[in-house]
2 protein chains.
Amino acid sequence: MKKITINDVARHAGVSKKTISRVLNQEPNVSSETRKKVEKSFTELGYRPNPQARALASSQSYLIGLLYPSQSNSYVSNIQKGALERCRAEGFHLVIYPEDHENESLISQFESNLNSSNLDGIILTPPFADMRKLLDLLKEREIPVVRVGAISALDSIPSVISNDAEASYEMCRYLISIGHHKIAFIKGHLDHGATEQRLSGYTKALKEAGIPILDQFIQQGNFSFESGEDCARRLLSLKVPPSAIFASNDYMAAGIVKVAKQKGISIPHDLTVTGFDNAPASRYIWPSLTTIKQPITEMAIEATRMLIRIIRKKPLEKLSTTIRNELIVRESSAPAKT
Amino acid sequence: MKKITINDVARHAGVSKKTISRVLNQEPNVSSETRKKVEKSFTELGYRPNPQARALASSQSYLIGLLYPSQSNSYVSNIQKGALERCRAEGFHLVIYPEDHENESLISQFESNLNSSNLDGIILTPPFADMRKLLDLLKEREIPVVRVGAISALDSIPSVISNDAEASYEMCRYLISIGHHKIAFIKGHLDHGATEQRLSGYTKALKEAGIPILDQFIQQGNFSFESGEDCARRLLSLKVPPSAIFASNDYMAAGIVKVAKQKGISIPHDLTVTGFDNAPASRYIWPSLTTIKQPITEMAIEATRMLIRIIRKKPLEKLSTTIRNELIVRESSAPAKT
DNA sequence: GAAATTTATGATAGCGGTGTCAGAACTAGT
DNA sequence: ACTAGTTCTGACACCGCTATCATAAATTTC
């Protein structure tokens, strides 16, 4: 099949290249008559405009980059889902860049990626959304950016965030309301801003309820299953163990469930375990986890929508959007034994 | 920062555009002297070639598409990981296309995606790897394709496959070797070629061991957690229930574990449950699942390597590569009670 | 040391579109 | 009917790089 170019169509329709281009880009000032004629030629010839040529001439690539941590989990797949939904609707394509955020040469590597792709815009997920150097690079390059789940409220860069601190607070309120006051908390990876946020909700709720905050009840995890196991072993061998453990993500919660079961501790009868994120695993394990559902997909949809507006140079309604988390009560939580 | 073009570099280095281009593309016939001079200009000016212009002039986009089912799971993230590793090493970018394989208008939608992106090549995962219409479209468009995990051995299209039937056979051999002969099997989604393959390994192993194949021991699932639960309920309420259930993926196996626990059946003491895929959840649940590890990432790496060779018009060593699965014994399997 | 190769370099024409701007074809106003 | 203001349309330069091919320089050949 021979390639059809804009010149072929112009000849076939008996108009100039530029008019074809006008129809292609839905520009005004084309009589409906010629428009019809041109569109007819499109279908008759099976014309497909060359994206690269348009990109060169218009300096737009219709590519959006998504940067996320490479220790990929369900968070990422939900982000991708949301971003893609918008991209597709708007004629953009999504190019993915998983990166190790602890990699020393991250910036320079990412820069060379940038050089070879000419993205129209970039979506940043945690912890990249808070990396100053990265933001500076992108600013210097004048590449539009939207940040998802960022912590630092940056003056000028648009972002979509969720209310992690509040959700964490709500979870603790729930645990307290069903009679728990020996509540332990497992922190996440220190590089993630969410870690701090989630902890703050915990301390706030306990303080408010007049429950003392005990050092030994706050353990440092790193969002991995294994770190959950480790923390659980420590917590469950305390002289006075907690009656509820709130892990700041579901993988760590799953680790806790495993260790508890191995020790013959019944969940939720003897111990309540809750997580954060509503990862798929939170449904697959037994008992299924009480957790916080993060509207990740929705956040990505909104972020992408904003990004495309910026790319199109349309004004943004607001610089920052918050999307609310939601408590999901399942089987792993029950009233404290009296 | 002003944009530096090839003309600026040419002027700065005192050579012609074409010579710059030669250095850029590592073409031969450039004296090492001028090469050095040009490279010096590159760094001094901070020159970044425009990808779109190169794409237009050379009709190569350096974009590779990845098509996969949108009910995304760990399979996908592993595929992405592998594909990206190669892409990055070779200067390509990965554009992702999750699609619903049951969508009627899949082909036409995907075609419009193709039109707006000009991919250099495409990687197809199951079940797309076996969709005749899609393969025809891509062939007509002369877009290089590599198939991952395809079943049908197509004459001319390169593919990377794993030995699912053998692995399934091996799993059953293992179960038989530890004393099980009441072994049930849960089939996956019928649209996936793997479903048939995995079943064939089961029947082969049982036949070989002289174990009769019972209809009621073969249940139809669809790869989802819920379908695992359903099948488990049916299997566990048989007059003569199985002593081992082999689910053809881990999500279904997790569903079985849940139902069994709810019924107070101890795993692996009273019932052995095994899965397939080595999904993250297989480690997170308790007891952790004995399963088959699919070398998905490796398959994707190999597929991408092959694809890039095709794009570069280099000969392929062989049309089809097989990468071996591996049995992983964990906690959910134990010898049959005598 | 002249002729025949081989290697290095540049002039110029695209690649397939879009942007600019001028001119033609309509409308409307008086 | 004539001018002013819109609405269409096209010629042509240009986006930034690569391909082709001719030519100049260096090397080999005998």
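Since this is a predicted model, take the numbers as computed values, not measurements. Just so it is clear: chains get the letters A, B, ... in the order the sequence lines come, proteins before strands, and each one is counted from 1.
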Distance, rounded to the nearest Å, where [X] contributes [atom1] and [N] contributes [atom2]:
X: B/Asn118; N: C/dG16; atom1: CG; atom2: C1'; answer: 11 Å
X: A/Ile6; N: C/dG16; atom1: CD1; atom2: P; answer: 11 Å
X: B/Ile20; N: C/dT9; atom1: CD1; atom2: C1'; answer: 12 Å

_Sequence-distant partners of B/Asp130, salt bridge (Lys or Arg N to Asp or Glu O under 4.0 Å), two or more places apart_ =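 Checked B/Asp130 against salt bridge (Lys or Arg N to Asp or Glu O under 4.0 Å); matches are B/Arg147.
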
*List for me each residue that meets salt bridge (Lys or Arg N to Asp or Glu O under 4.0 Å) alongside B/Arg35, sequence neighbours excluded, and say none if there are none.*
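So B/Arg35 forms no salt bridge (Lys or Arg N to Asp or Glu O under 4.0 Å) with any residue.
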
*Would you indicate, yes or no, if C/dC15 has its OP1 or OP2 atom less than 4.0 angstrom from a side-chain nitrogen or oxygen of A/Lys3?*
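So the side-chain polar atoms of A/Lys3 never come under 4.0 Å of the phosphate oxygens OP1 or OP2 of C/dC15.
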
*Provide the start and end nucleotides, 5' to 3', of the part of DNA chain D that has atoms under 4.0 Å from heavy atoms of chain B.*
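Listed 5' to 3', the contact boundaries are D/dG16 to D/dT20.
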
Please determine if [X] and [Y] form a salt bridge, counting it only when a charged side-chain N lies under 4.0 Å from a carboxylate O.
X: A/Lys81; Y: A/Glu85; answer: no
X: A/Asp136; Y: A/Lys139; answer: no
X: B/Glu111; Y: A/Arg48; answer: no

*Of all of residues 25-42 of chain B, which get a heavy atom below 4.0 angstrom from DNA chain C, listed by number?*
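Only B/Asn29, B/Val30, B/Ser31, B/Thr34 qualify.
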
*Output the residues of residues 52-63 of chain B in contact with DNA chain C, where contact means a heavy atom of the residue under 4.0 Å from an atom of the strand; sort by number or write none.*
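When residues 52-63 of chain B is checked for heavy atoms under 4.0 Å from DNA chain C, the hits, listed by number, are B/Leu56, B/Ala57.
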
Verify whether one side chain among [X] and [Y] offers a donor that lies under 3.5 Å from an acceptor in the other.
X: B/Tyr97; Y: A/His93; result: yes
X: B/Ser31; Y: B/Thr34; result: yes
X: A/Tyr68; Y: A/Gln80; result: yes

*Once you build an axis from the first five pairs and another from the last five of the helix from C/dG1-D/dC30 to C/dT30-D/dA1, how far apart in angle are they, to 10 degrees?*
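The two end axes of the helix from C/dG1-D/dC30 to C/dT30-D/dA1 meet at 30°.
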
With [X], which residues qualify under side chain to side chain contact (heavy atoms under 4.5 Å, CB included), at least two apart?
X: B/Lys36; answer: none
X: A/Asn50; answer: A/Gln52, A/Ala53, B/Leu56, B/Asn118
X: A/Asn163; answer: A/Glu166, A/Thr322, A/Arg324, A/Asn325
X: B/Thr43; answer: none

*Counting side-chain heavy atoms from C-beta on, which of C/dG16, C/dG17, C/dA11 comes nearest to A/Pro49?*
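So the nucleotide nearest the side chain must be C/dG17.
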
*Taking N and O atoms by type only, does the side chain of B/Lys17 place a donor or acceptor under 3.5 Å from a partner on the base of C/dG10?*
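Side chain to base: no pair below 3.5 Å.
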
*Check: A/Arg22 side chain, C/dG19 base, donor-acceptor under 3.5 Å*: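 No.
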
_B/Ser61 backbone acceptor or donor facing B/Asp120 side chain under 3.5 Å_ =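 Yes: the side chain of B/Asp120 pairs with the backbone of B/Ser61.
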
*Backbone N or O of A/Leu67 within a donor-acceptor pair of the A/Thr125 side chain at under 3.5 Å?*
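Answer holds: yes.
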
Check nucleotides 23-27 of chain C against the protein and report each pair of N or O atoms closer than 3.5 Å, with its distance, or say if there are none.
none

When the side chains of residues 300-312 of chain A are checked against the rest of the protein, which donor-acceptor pairs come out under 3.5 Å, sequence neighbours left out?
unit_1   : atom_1 : unit_2   : atom_2 : d
A/Glu302 : OE1    : A/Arg305 : NE     : 3.1
A/Glu302 : OE2    : A/Arg305 : NH2    : 3.0
A/Glu302 : OE2    : A/Thr321 : OG1    : 3.4
A/Thr304 : OG1    : A/Ala300 : O      : 2.7
A/Arg305 : NH1    : A/Glu317 : OE2    : 3.4
A/Arg309 : NE     : A/Pro315 : O      : 2.9
A/Arg309 : NH2    : A/Pro315 : O      : 3.1
A/Arg312 : NH1    : A/Glu90  : OE1    : 3.1
A/Arg312 : NH2    : A/Glu90  : O      : 3.4

*asked:* With rounding to the nearest 0.5 angstrom, report the OG to CG distance, B/Ser117 to A/Leu63.
replied: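 Between B/Ser117 OG and A/Leu63 CG, I get 8.5 Å after rounding to 0.5 Å.
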
